[in-house]
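Take a look at the structure set out below.
Starting from 1, each residue takes its place in the sequence as its number.
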Amino acid sequence: MATNKYQKPRGMQDILPKKQQIWSAVTTKFTRNAENAGFGRISTPILESTDLFRRAVGEQTEVVSKEMYTFEDRSGNSLSLKPESTAGVVRAYIENGMASLAKPVKLYYIEPHFRYERPQAGRFRQHHQLGMEVFGDSSAAADVHVIMQGSRLLSGLGLEHKVAINSIGSKSDRASYVEALGSYFSKRRSDLPETNQLQLDNNPLRILDSKDEKVIALIEEAPQILDYLGKESSKRFQQVLEILEGCSVEYELNSRLVRGLDYYNDTVFEYVVDKSLFGDSLGGGGRYDDLTAQLGGPDTPAVGLGMGIERICEVLSKQGFKPEKARLDVFVVAIGSSALGYAASIRERLLDAGLSVGANFTRRSIGDQLAIASKQNARYAVVVGEREAKQKEAIIKDMSSGNQHTEKNDSILSALMSALRP
């Protein structure tokens, strides 16, 4: 067998129609939930200034230091394919004067992200994310509102999950904790891989993200951030947990959860499922009250989440998820070459009227075409043979009962609309 000359780049994927059915079920439910809760959709460029991510995400994070697709354009500007969306949304919030809008400002997006990392299950170099951000609400209720949006999506798709949650406190809380963490790991520096040693020098918090079993064993004995929370952060975190309990959300405290980006403060969370289904989280998020000001905007409290579409789809596939089968309104059948033109014109007229319409004129027999209509769950078939084409009429067949009758050309649409009316 000949090898294709052109193939997709490593870590990228073609999302074919069969997979798109599950994909669509996920994104449709997410969109409906977001808009029901008053979120408006935003889209930002795939490319942003490299410095935006350095400033927002953190120069020393693996995302910025190792994983970004970065290049210079013809004017010498350094641009990067976006590895995450929050930085771009905050930039858009500032640049477009959204800070003057009534608060809270609630935004959602469905966007591609790009990270040059080792491809593995549910993780691609181009992956897609569902996300939302709430600007201008500092309350614990806003944290829970965002957490619930992700949880509501997963529950609506039939996915059992837990919310892993932690607080990483304020800047001052975190500074005290980082000092204690640095002191702990410095005494064990020789036991750390080179990557973690670099993190120890730049940001010891990143060590807590390690998947190395030896490092995880060291992490178990490390100081816990909850012991370093100030009074205000501790009280706030307790409020978040109480509201979650009031919403009957199953959560688990994870004092090692810090997330991988530098802009977070206070609440951080992830959505986790049975490890036999997926070995990592399906997404997560947290509060980032300083980022808007850090990027040149006004002081604005904010909280958000991001969830991997590919990850959710993979878990759904493993569980045998079947998207709800769409009901096709009409399937047009043409019998004989002289009927084809007339049947085609009926198909286009029905599509113009907003009906869902199928046809397969490559199949010649009526039996083959009606079998396809049945497989596509069509409610009615419009059958056109040579006689019907000559008389400018069509047979309308109820695919459930098998009953059929003939309609003239100018009444085909009205007859179908009447039959399809609930």
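Using a 4.0 Å cut-off between charged nitrogen and carboxylate oxygen, Asp289 and Arg287 count as a salt-bridge pair. A salt bridge is defined here as a Lys NZ or Arg NE, NH1 or NH2 lying under 4.0 Å from an Asp or Glu carboxylate O, and Glu393 with Arg387 meets this definition. Using a cut-off of 4.0 Å between Lys/Arg side-chain N and Asp/Glu carboxylate O, Asp398 and Arg379 are scored as not salt-bridged.
Side chain to side chain, Asn360 and Thr362 meet the donor-acceptor criterion of an N or O pair below 3.5 Å. Between the side chains of Arg152 and Gln149, a donor-acceptor pair is found at a separation under 3.5 Å. Side chains of Gln126 and His113: a donor-acceptor N/O pair is absent below 3.5 angstrom, by distance only. No hydrogens or angles considered: nothing links the side chains of Ser255 and Asn166 as a donor-acceptor pair under 3.5 Å. Under 3.5 Å, the side chains of Ser24 and Gln20 contain no donor-acceptor pair of N or O atoms.
Glu250 pairs by the salt bridge (charged side-chain N to carboxylate O under 4.0 Å, His left out) definition with Lys162, not counting sequence neighbours. With sequence neighbours excluded, no residue satisfies salt bridge (charged side-chain N to carboxylate O under 4.0 Å, His left out) with Glu386. Residues forming a side-chain contact (heavy atoms from CB on, under 4.5 Å) with Thr86 (at least two apart in sequence, or on another chain): Glu84, Val90, Tyr109, Glu133, Tyr263, Tyr288, Leu291. Listed by chain and number, the residues in a salt bridge (charged side-chain N to carboxylate O under 4.0 Å, His left out) with Arg32 amount to none (sequence neighbours excluded). Take Leu351 and apply the side-chain contact (heavy atoms from CB on, under 4.5 Å) test, not counting sequence neighbours, and it matches Arg347, Glu348, Val357. Residues passing the ring pair (Phe, Tyr, Trp, His ring centres under 6.0 Å) test with Tyr116 are Tyr69, sequence neighbours excluded. With sequence neighbours excluded, the residues forming a side-chain contact (heavy atoms from CB on, under 4.5 Å) with Ser418 are Arg421, listed by chain and number.
Using modelled atom types, no side-chain atom of Ser151 and backbone atom of Ile147 make a donor-acceptor pair closer than 3.5 Å. Remark: the backbone N or O of Met12 is not paired with any side-chain donor or acceptor of Arg125 at under 3.5 angstrom. With hydrogens and angles disregarded, no donor-acceptor distance shorter than 3.5 Å links the side chain of Ser411 to the backbone of Glu407. Side-chain N or O atoms of Thr28 include none that pairs as donor or acceptor with a backbone N or O of Ala25 at under 3.5 Å. Counting only distance, with no hydrogens or angles, the side chain of Ser374 and the backbone of Leu370 share no donor-acceptor pair below 3.5 Å. Not a single donor-acceptor pair under 3.5 Å links the side chain of Asn254 to the backbone N or O of Ala164. For Asp173 (side chain) and Leu229 (main-chain N/O), no donor-acceptor pair under 3.5 Å exists by modelled atom type. Looking only at distances, a side-chain donor or acceptor of Arg256 sits under 3.5 Å from a matching main-chain atom of Ile219. Checking side-chain atoms of Asn96 against main-chain N and O of Met98 turns up no donor-acceptor pair under 3.5 Å. Of the possible donor and acceptor atoms, one in the side chain of Gln294 sits under 3.5 Å from a partner among the backbone N and O of Arg55.
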Go through the steps to decide whether Glu245 and Tyr251 satisfy the test side chain to side chain donor-acceptor pair (under 3.5 Å), and finish with yes or no.
CA-CA 8 Å; Glu245 289 169 7; Tyr251 70 84; 2.5 Å; yes

Test side-chain contact (heavy atoms from CB on, under 4.5 Å) on Tyr108 and Phe30; report intermediate values, then the result.
CA-CA 9 Å; Tyr108 79 93; Phe30 174 77; 3.7 Å; yes

Phe361 vs Val333, side-chain contact (heavy atoms from CB on, under 4.5 Å): CA-CA, chis, key distance, verdict:
CA-CA 7 Å; Phe361 298 144; Val333 176; over 6 Å; no

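A ring-ring contact (aromatic ring centres under 6.0 Å, His included) check over residues 141-171, counting only residues at least two apart or in different chains, returns the pairs Phe39-His145. Listed by first then second residue, pairs satisfying ring-ring contact (aromatic ring centres under 6.0 Å, His included) with a partner in residues 303-329 number zero, not counting sequence neighbours. Residue pairs that meet the salt bridge (Lys or Arg N to Asp or Glu O under 4.0 Å) test with at least one member in residues 37-49, sequence neighbours left out, are Glu48-Arg91. Pairs of residues two or more places apart, or lying in two chains, never qualify as ring-ring contact (aromatic ring centres under 6.0 Å, His included) while including a residue from residues 376-422.
Between Phe135 and Tyr93, the ring planes are parallel. Angles under 30° get that label, and only those over 60° would be called perpendicular.
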Expected list for residues 76-83: side-chain donor-acceptor pairs under 3.5 angstrom, two or more places apart:
{"residue": "Asn77", "atom": "ND2", "partner": "Asp73", "partner atom": "OD2", "Å": "3.2"}
{"residue": "Ser78", "atom": "OG", "partner": "Thr50", "partner atom": "OG1", "Å": "2.8"}
{"residue": "Ser80", "atom": "OG", "partner": "Thr50", "partner atom": "OG1", "Å": "2.8"}
{"residue": "Ser80", "atom": "OG", "partner": "Thr70", "partner atom": "OG1", "Å": "2.7"}
{"residue": "Lys82", "atom": "NZ", "partner": "Thr44", "partner atom": "O", "Å": "3.1"}
{"residue": "Lys82", "atom": "NZ", "partner": "Thr44", "partner atom": "OG1", "Å": "2.9"}
{"residue": "Lys82", "atom": "NZ", "partner": "Pro45", "partner atom": "O", "Å": "3.4"}
{"residue": "Lys82", "atom": "NZ", "partner": "Glu111", "partner atom": "OE2", "Å": "2.7"}

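When every heavy atom of Val144 is checked against every heavy atom of Val240, the shortest pair comes out as CG2-O, 3.6 Å.
Within 6.0 Å of the CD1 atom in Ile46, the count of heavy atoms belonging to other residues, nucleotides or ligands does not exceed 12.
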